[in-house]
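One structure is given here, and the rest of the page talks about it.
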Amino acid sequence: MNRQDFPILNEQVYGKKLIYLDNAATTQKPQQVIDAIVEAYSHCNANIHRGVHHLSQIATLRHEEARNHVAQFIGAKSSKEIIFTKGTTDSLNMLAFSLGEAIVNAGDEIIVSALEHHSNIVPWQMLCERKQAILKVIPLTQNLELDINAYKTLLSSRTKLVSVAHVSNVLGIINPIKEIIKLAHEQNIPVCIDGAQSVPHLPVNVQELDCDFLVCSAHKMYGPTGIGVLYGKEEWLEKLPPAQGGGEMIDHVRWQGTTYNQLPYKFEAGTPNYIGSYVFGEALHYIEKIGRDVIAKEEKELCEYAEQQLLQVKGVKVYASGLQKAGAISFNVFQTNGQLIHPFDIGTLLDRQGVAVRTGHHCAEPLIDLLGIPGTIRISFALYNTREEVDIFIAALRKAVMMLS
Ligand code: PLP
């Protein structure tokens, strides 16, 4: 779908056609997005919010239009609830600091799950260390699904936040976040959703989900690097202190003390990435032009096709096989004697055939440890991937396995 919009897909790797299956790490950019970067720096570059001059006003308008666009894209009630950050990692660190300062004390608990990305583990570990709080982990069932019964037993009056991924960046599986949110809310516990791998693939609506916070990154959605979102319900953001101090986030600064700006600026210290926000808006226009439902449907079909094809390769084990996935599949290949072929070796031989996949722990070491393996091979899709590419990948995989067996 729309492959011609992505110039990088015409690249050759080692003389072979590039097959890019590393979209969970970052997506490629359509020409519209690439052009928007050049256009913005060429015609509309001025620091925002501070200038009375024309360029500054236009740049400000574009930044705020992008904020409105993001709000509408994820179904937020108001653009005040959209904080621009550097990306998912930055959003989670900001939230961990800010929420930690506001409501977490010694003995309190934060809940994450066993399949989280390091970005949704380490900031909470750091907070727990700072505040002598306790990090609790939702275990997985044999099927590698979140164990909801165990989750229920973890929730208590000591729980200050639940933070879970909507879609696992390793397994690609879609977690039952509606249920997770509902169960937490029954005990007045707020929930943060790591949407880094779901917002690019599924129509996500924060009001429908009723999550309290949601984080995502533009670069995984055909947009630029260095910009992302921290969504928070207005009532929560009003309650939380700023995570960083500096220009823009203040109302007045006196030696006696500082008063803070209104939402969302209270959380945006310093010159924001206003070119990034504008270009992110262009990426959203691009996605909307194609249609989020269309993208979700095509990617689901492609994922199912790829899993079926993978399972026909001798020795392949797909993790969380048979579960519904959004955009990513992890697997390994075992020899007839049961020995695992190291994922790195397969990844290297695939690369030599022009196929870009990711191998290793995918920034989710606790999950990989739990699986008792050194890592996986992960293929991940975007709107431009095709069945033909899957077929080429499968042929390349067969060849790699033959060479390594
Ligand atoms: N959370 C998940 C589920 C991810 O997949 C990723 C990136 O792969 C992140 C968080 C971190 O995103 P970023 O590196 O854009 O901050």
Side-chain angles (χ1 to χ4, degrees), residues 20-29 33 70 74 83-97 110 112-126 137-138 140 144 146 161-177 180 191-202 204 209 211 213-231 243 273 276-277 279-280 283 299 303 319-320 325-330 356-368 370 375-382:
Y20 186 76
L21 299 179
D22 193 19
N23 295 285
T26 198
T27 55
Q28 300 303 345
K29 320 301 170 201
V33 164
V70 171
I74 62 168
I83 296 156
F84 282 125
T85 65
K86 287 189 287 182
T88 302
T89 305
D90 191 35
S91 302
L92 287 165
N93 276 278
M94 272 177 65
L95 181 62
F97 180 83
I110 305 285
V112 297
S113 90
L115 49 63
E116 299 306 319
H117 188 283
H118 296 161
S119 296
N120 198 26
I121 299 174
V122 185
W124 306 115
Q125 282 179 326
M126 289 161 74
V137 183
I138 309 168
L140 305 184
L144 303 180
L146 295 193
L161 181 82
V162 176
S163 189
V164 289
H166 190 172
V167 169
S168 159
N169 68 303
V170 180
L171 305 172
I173 57 175
I174 304 167
N175 289 323
I177 53 164
I180 286 171
V191 180
C192 170
I193 297 300
D194 177 349
Q197 297 295 342
S198 62
V199 184
H201 299 289
L202 308 169
V204 171
L209 290 172
C211 56
F213 304 96
L214 178 132
V215 294
C216 61
S217 298
H219 71 94
K220 294 181 193 290
M221 308 167 61
Y222 315 101
T225 51
I227 186 143
V229 173
L230 167 59
Y231 157 82
N273 183 358
S277 60
V279 179
F280 185 18
E299 285 181 346
C303 231
Y319 296 95
K325 304 188 178 69
I329 303 173
S330 257
V357 299
R358 185 142 298 235
T359 62
H361 57 57
H362 316 294
C363 292
E365 275 193 285
L367 172 59
I368 296 297
L370 185 76
T376 75
I377 306 152
R378 181 186 71 189
I379 52 171
S380 54
F381 301 108

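Each ligand, and each atom within it, is numbered from 1 in the order the structure gives. Below, each value reflects all heavy atoms present in this structure, side chains not excepted, and no hydrogens, waters or symmetry copies.
Using a 4.0 Å cut-off between heavy atoms, Thr88 contacts ligand 1 through both its backbone and its side chain. Contacts between Lys86 and ligand 1 below 4.0 angstrom, taking non-hydrogen atoms only, are absent altogether. Contact annotation for Ala165 and ligand 1: no heavy atom of the residue comes within less than 4.0 Å of the ligand.
Close contacts of ligand 1 with Thr89, meaning ligand atoms under 4.0 Å from a residue heavy atom, involve 11 (C), 12 (O), 13 (P), 14 (O), 16 (O). Close contacts between ligand 1 and Ser217 involve ligand atoms 12 (O), 13 (P), 15 (O), 16 (O) [criterion: under 4.0 Å to a heavy atom]. Every atom of ligand 1 with a heavy atom of Gln197 under 4.0 Å away is listed here by number and element: 3 (C), 4 (C), 5 (O), 8 (O).
Not a single heavy atom of Asn120 sits under 4.0 Å from any atom of ligand 1. Not a single heavy atom of His118 lies less than 4.0 angstrom from ligand 1. Using a 4.0 angstrom heavy-atom cutoff, Glu116 does not count as in contact with ligand 1.
By the 4.5 Å heavy-atom criterion applied to side chains, Lys325 and Ile174 are not counted as neighbours. Counting heavy atoms from C-beta outward, Val215 and Leu95 have side chains that stay 4.5 Å or more apart. Counting heavy atoms from C-beta on, the side chains of Leu367 and Leu171 come closer than 4.5 Å. For the pair Asn23 and Lys220, the minimum side-chain heavy-atom distance is 4.5 Å or more. Proximity of Val229 to Ser91: side-chain heavy atoms (C-beta onward) are nowhere separated by under 4.5 Å.
The two residues Ala218 and Phe280 make their nearest non-hydrogen contact at CB-CD1, 3.4 Å. Here the closest heavy-atom approach between residue Glu299 and residue Pro200 is recorded as OE1-O, 4.5 Å.
Nearest non-hydrogen protein atom to atom 4 (C) of ligand 1 is His117 CD2, 3.3 Å. The protein non-hydrogen atom at the shortest distance from atom 8 (O) of ligand 1 is Lys220 NZ, 2.6 Å.
Relative ring orientation between His118 and His361 is described as tilted, the plane-to-plane angle lying within the 30° to 60° band.
Considering each of Val164, Leu92, Thr225, Asp194, the one bringing a non-hydrogen atom nearest atom 3 (C) of ligand 1 is Asp194.
Remark: ligand 1 and His219 share an N or O pair separated by less than 3.5 Å (distance only, no angle test).
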Step-by-step side-chain contact (heavy atoms from CB on, under 4.5 Å) determination, Tyr20 to Thr26 = CA-CA 10 Å; Tyr20 186 76; Thr26 198; 3.7 Å; yes
